[in-house]
Amino acid sequence: MSAQSSRFHTARSTSWLGGGGGPPGSADLLDCVFRPLLACSKMKKYMALWGSLFFFVICVSLYLMMETVNMNSRANVRLADFDEIRNAYDVIPFDNIDGGVWKQGWNITYPTNHWENRDNLQVFVVPHTHCDPGWLKTFVGYYQQQTKGIFENMLVKLEEMPDMRLIYAEMSFFSMWWDEISPEKRARVKKLINNGKLEIVAGGWVMTDEANAHYYAMIDQMIEGHTWLNGTLGVKPQAGWSIDPFGLSPTMAYLLKQMGLKNMLIQRVHYSVKKYLAKKKELEFLWRQEWDFLSVWLFFSLKN
């Protein structure tokens, strides 16, 4: 064997085995065996990474498809985005015509025989209450003089009347009452909630203002209320409830959707806008915010 060939084998053996030893050519043999295995291991890592990314993309695509199908299934629900509202404001006269029974609406009449030989007209009456923590009285004054009586009557009447339901929203008052009542009453309240007779809507500490409040305060009071609800009653509200704020903000709709709520009822909209939507039978709609490029929708029902 030549000197050059001998030096080559010695170097390869030393580099592989860490200091010589072994017959000439053993490093080449080990190299031939293990190098493909190392390459295969790296390939598996790459395949696992790309497989995970592919699985993630598939999951996101399926979720978006399910959301699209869910929205399209609501065939009778109007899709109201900011362009439609802008167009409506261009044609609404904002007049003040006396509408009769509904002062800012229009006279509602039915033919006397309209319901003959048909199913009876179904009218849904939804008992609910709205309790301002602060307005003309103090928080404690409202609780002692009015709100506490509402809760006490609720507990009695909901148990007496099998078909009666009640909706309640403000946790600031509810938590104060809860702290005062006995374990026996608490058990009765939980039973009413579990049976669907008492529904907690929105679940914020208050029914937040939407016209002037900063979004941080809107979120903070919802955190306060939901934390108390979850820790005390194990309840997660499914519906928003804004029947008294003077002006409705698209920010609130967006936040509620991000919090996992499914729909919302709103009330204090200009009567001309209500009449416009009511005549077109579009008081139920999907609200998309102008600045929401990800299309986070929230199903809304506008209360008459």
Side-chain angles (χ1 to χ4, degrees), residues 101-103 123-213 217-218 220-248 252 256 259 261 263-269 301-304:
V101 178
W102 179 14
K103 287 299 181 182
V123 178
F124 295 91
V125 179
V126 182
H128 66 277
T129 180
H130 165 55
C131 303
D132 277 317
W135 186 35
L136 300 178
K137 302 178 183 179
T138 65
F139 174 67
V140 175
Y142 271 124
Y143 174 74
Q144 292 177 343
Q145 299 172 33
Q146 294 175 276
T147 314
K148 183 176 181 180
I150 293 173
F151 293 139
E152 296 294 340
N153 288 332
M154 167 201 76
L155 192 56
V156 174
K157 297 301 179 182
L158 289 182
E159 290 177 337
E160 287 181 353
M161 309 171 77
D163 295 330
M164 187 176 183
R165 304 288 187 272
L166 181 70
I167 287 174
Y168 191 79
E170 296 87 6
M171 293 303 102
S172 53
F173 282 124
F174 198 89
S175 63
M176 178 176 282
W177 179 65
W178 181 269
D179 290 340
E180 292 183 0
I181 62 177
S182 65
E184 181 267 338
K185 282 188 176 181
R186 291 181 180 182
R188 290 161 62 190
V189 172
K190 288 184 177 181
K191 183 177 180 180
L192 292 174
I193 292 175
N194 293 335
N195 292 339
K197 292 177 66 62
L198 173 61
E199 180 182 1
I200 303 297
V201 289
W205 201 242
V206 298
M207 188 176 294
T208 179
D209 174 49
E210 300 180 27
N212 300 308
M218 297 163 71
D220 188 58
Q221 65 86 28
M222 289 294 287
I223 292 174
E224 190 79 11
H226 281 218
T227 300
W228 185 89
L229 267 175
N230 183 59
T232 308
L233 298 172
V235 171
K236 174 67 170 70
Q238 298 297 310
W241 194 259
S242 292
I243 62 173
D244 198 42
F246 287 76
L248 288 308
M252 191 63 182
L256 291 181
M259 294 175 189
L261 277 70
N263 47 61
M264 184 181 187
L265 187 137
I266 60 179
Q267 154 64 3
R268 290 193 180 276
V269 175
S301 178
L302 184 56
K303 178 184 174 185
N304 287 335

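Keep in mind it's a predicted model, so treat the numbers as computed, not measured. Position 1 is the first residue of the sequence, and the numbers go up from there.
- The closest side-chain heavy-atom distance from E199 to W241 is not below 4.5 Å.
- Side chain of Q238 to main chain of K236: a donor-acceptor pair is present (N/O by atom type, distance under 3.5 Å, no hydrogens or angles).
- Note: F174 and W178 have parallel aromatic rings, judged against thresholds of 30 and 60 degrees for the angle between ring planes.
- Rounding to the nearest 0.5 angstrom, the gap separating the NE2 atom in H130 from the OG atom in S242 is 9.5 Å.
- Under the 4.5 Å side-chain criterion, counting only non-hydrogen atoms from C-beta, L248 is not in contact with M252.
- Heavy-atom neighbours of M164 CE from other residues, nucleotides or ligands within 6.0 Å: above the threshold of 12.
- The shortest distance between side-chain heavy atoms of H128 and I243 falls below 4.5 Å.
- At a threshold of 4.5 Å between non-hydrogen side-chain atoms, the residues Y143 and S172 do not count as touching.
- Atoms CD1 and CG, on I266 and D244 in that order, are 13.5 Å from each other to the nearest 0.5 Å.
- More than 12 heavy atoms of other shown residues, nucleotides or ligands fall within 6.0 angstrom of atom NZ in K137.
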Side chain to side chain contact (heavy atoms under 4.5 Å, CB included) between W177 and M154, worked out: CA-CA 12 Å; W177 179 65; M154 167 201 76; 4.0 Å; yes
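- In this structure, N153 CG and K148 NZ are separated by 12.0 Å, a value rounded to the nearest 0.5 Å.
- Side-chain contact between M207 and P245 is present, with at least one heavy-atom pair separated by less than 4.5 Å.
- The backbone N or O of H226 lies less than 3.5 Å from no partner atom in the side chain of N230, so there is not a single donor-acceptor pair.
- Here CG of L155 is found 11.0 Å from CG of L166. Values are rounded to the nearest 0.5 Å.
- In this structure, L261 CG and N263 CG are separated by 7.5 Å, a value rounded to the nearest 0.5 Å.
- In this structure, F173 and Y142 have perpendicular ring planes: the angle between them is above 60°, well past the 30° mark.
- Closest approach of D209 to A211, counting heavy atoms only: OD1-N, 3.3 Å.
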Can T129 and T147 be said to form a side chain to side chain contact (heavy atoms under 4.5 Å, CB included), step by step? CA-CA 9 Å; T129 180; T147 314; over 6 Å; no
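- Side chain of R268 to main chain of G247: no donor-acceptor pair is present (N/O by atom type, distance under 3.5 Å, no hydrogens or angles).
- For N195, there are no side-chain hydrogen bond (donor to acceptor under 3.5 Å, both in side chains) partners, not counting sequence neighbours.
- No side-chain heavy atom of T208 sits less than 4.5 Å from a side-chain heavy atom of M222.
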Side chain to side chain contact (heavy atoms under 4.5 Å, CB included) between W228 and L233, intermediate numbers included: CA-CA 8 Å; W228 185 89; L233 298 172; 4.0 Å; yes
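- A donor-acceptor contact shorter than 3.5 Å is absent between the side chain of K197 and the backbone of K191.
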Quick one, C131 with Q146, criterion side chain to side chain contact (heavy atoms under 4.5 Å, CB included). Give me CA distance, side-chain angles, the key distance, then yes/no. CA-CA 9 Å; C131 303; Q146 294 175 276; over 6 Å; no
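- For the side-chain hydrogen bond (donor to acceptor under 3.5 Å, both in side chains) test, residues two or more places apart in sequence or in another chain that qualify with R188 are E159, E184.
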